[in-house]
Amino acid sequence: MAKRIGILLSGRGSNFEALADAVASGRIPNAEIAVVISNREGAPGIEKARARGIEALVIPSKGKEREAYDREVVAALRERGVELVCLAGFMRLLSPYFVQEYRNRILNIHPSLLPAFPGLEAQRQALEYGVKYSGCTVHFVDEQLDAGPIICQAVVEVRDDDTPETLAARILREEHRIYAEAVRIVLEGRYRIEGRRVFVTRED
Ligand code: GRF
């Protein structure tokens, strides 16, 4: 049976599209995207999902208490039999309730080499700090922001003439590649977690 993925997003949705492409092309085998959920009305990612014939829901978060909101989202995911949750530009911290319900089955992509530059505008933070290399990270989600065990990272060189936008664009290409790779590893169960370390076993 195809493993059911749920995507949570708040905006553009390019990582969602990269995952949908990887599922459609078989780079993520035996999987389907069961639902895309946005906390924001008008998130472009929602329209992109509908255009692909994927169910897309808006569950507005505005004015809701964190756990009450997460209970609504978890209920929607459970109703659809979602086994793996992928955060793809979802601009909210998850409650301990959500993390517990899907322990080690929630992934996030972040546009820096964590633990450097967690939080917002990671590419701008990297430029302002003056690092020569940045990149992106796919990690399991725990109760802290951008902090769970790391599954995949990719390195991107910072150029002298980079702006936050040009750096973000080069990082984004790597995000799309490693997010699909990480989802495949997790769905195939080809990893074990020891403390903070994730050991990936090779494909047969
Ligand atoms: C990406 O840079 C991702 O790393 C970060 O938010 C951005 C979302 O972009 N978490 P998109 O909506 O997937 O295009």
Side-chain angles (χ1 to χ4, degrees), residues 5-24 27-28 33 35-52 54 56-61 70 73 84-94 98-99 102 106-129 131 133-158 162-186:
I5 300 170
I7 307 269
L8 304 189
L9 54 74
S10 304
R12 182 176 57 183
S14 74
N15 276 288
F16 149 63
E17 292 206 285
L19 293 179
D21 287 344
V23 167
R27 276 179 293 128
I28 300 176
I33 297 180
V35 66
V36 173
I37 300 175
S38 169
N39 66 313
R40 286 194 189 144
E41 212 84 59
I46 284 293
E47 278 320 306
K48 289 174 178 164
R50 291 190 178 135
R52 287 168 182 262
I54 296 172
L57 301 175
V58 177
I59 306 182
S61 56
D70 284 0
V73 173
L84 180 70
V85 179
C86 296
L87 308 186
F90 187 60
M91 305 302 283
R92 285 179 63 81
L93 188 62
L94 302 190
F98 196 150
V99 173
Y102 275 95
I106 310 170
L107 308 187
N108 183 43
I109 178 99
H110 183 75
S112 76
L113 294 173
L114 290 171
F117 315 127
L120 294 175
E121 297 202 74
Q123 305 93 333
R124 181 183 298 278
Q125 290 186 56
L127 274 185
E128 286 176 358
Y129 195 91
V131 293
Y133 294 91
S134 190
C136 48
T137 303
V138 183
H139 63 93
F140 288 106
V141 172
D142 66 11
E143 285 81 357
Q144 317 306 323
L145 178 67
D146 299 327
I150 290 170
I151 305 161
C152 294
Q153 291 187 305
V155 175
V156 170
E157 193 170 3
V158 178
D162 264 330
T163 63
E165 292 72 30
T166 60
L167 179 59
R170 288 206 313 290
I171 292 175
L172 192 63
R173 282 202 291 278
E174 294 300 304
E175 293 184 35
H176 296 164
R177 185 176 65 75
I178 68 167
Y179 211 173
E181 196 178 303
V183 167
R184 178 174 186 161
I185 288 165
V186 171

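Every value quoted in this text rests on a predicted model; they were computed, and no experiment measured them. Counting convention: from 1, in listed order, for ligands and their atoms alike.
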For Glu47, which residues count as a side chain to side chain donor-acceptor pair (under 3.5 Å) partner, sequence neighbours excluded? none

In chain order, what residues pass the side chain to side chain donor-acceptor pair (under 3.5 Å) check against Asp162, with sequence neighbours excluded? Thr166, Arg170

Please check this pair: side chain of Gln125 against backbone of Leu120, looking for a donor-acceptor N/O pair closer than 3.5 Å. yes

Under a 3.5 Å distance rule, please check whether Lys48 uses its side chain to pair with a backbone N or O of Arg12 as donor and acceptor. yes

Collect the protein residues that have a non-hydrogen atom under 4.0 Å from ligand 1 and hand them over in chain and number order. Arg12, Gly13, Ser14, Asn15, Gly89, Ile109, His110, Pro111, Glu175

Under the side chain to side chain donor-acceptor pair (under 3.5 Å) rule, collect the residues that match up with Ser38, sequence neighbours excluded. none

Between the main-chain N or O of Ala122 and the side-chain N or O of Ser112, is there a donor-acceptor pair closer than 3.5 Å? no

